[in-house]
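Encoded as structure tokens, the structure appears first; notes follow it.
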Amino acid sequence: MASDIDGAIDAGLMAFRPCTCAGDEVVLVEQVRLRLRLAWDARDRYRQREARLAGRAAEREAKRLKAAGVSGVAGQARPTLPTGAAAILARAKAKAAERMKP
């Protein structure tokens with residue numbers, strides 16, 4: 001069946017316009033043409049949606065990188081601690097080191 005449809009497309013199925021004098025025999029051709037048109041339209045909408053989502057994802061990633069202060073760098077540097085937090089951490093490390101001594 002797929003090869004028949006491929007052959008019909010190659011023969012100009014989508015350009016087919018039935019004559020007003022045509023009978024019921026063209027109903028099947030019109031149904032296949034309509035289904036094919038609907039499928040093509042759905043495929044186009046899907047591709048457009050995927051392109052929009054990819055664009056939005058790229059924008060979010062660019063904003064995230066800009067907010068993190070990274071511009072084109074693969075790895076992110078660790079943020080520095082505020083001076084008060086660094087002092088507290090240093091005291092905690094010193095206290096832990098004293099406890100580890102025998």
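Keep in mind the model is a prediction, meaning the values are calculated, not measured. Throughout, numbering of the chain's residues begins at 1 and tracks the sequence.
In the hydrophobic clustering, Val27 connects to no other residue, as no ILVMFWY side-chain heavy atoms lie under 4.5 Å from its own.
Interatomic distance, CZ of Arg33 versus CG of Leu38, reported as 10.5 Å (0.5 Å rounding). Separation of atoms CZ (Arg52) and CZ (Arg45) is listed at 11.0 Å; rounding is to 0.5 Å.
A 4.5 Å side-chain heavy-atom check between Arg64 and Glu61 finds at least one atom pair inside the cut-off.
Residues passing the side-chain hydrogen bond (donor to acceptor under 3.5 Å, both in side chains) test with Glu50, sequence neighbours excluded: none.
At most 12 non-hydrogen atoms from other residues, nucleotides or ligands lie less than 6.0 angstrom from CZ of Arg49.
The residues Arg56 and Glu59 are annotated as not salt-bridged, no charged nitrogen and carboxylate oxygen being separated by less than 4.0 angstrom. Asp41 and Arg37 are joined by a salt bridge, as a carboxylate oxygen and a charged side-chain nitrogen come within less than 4.0 angstrom of each other.
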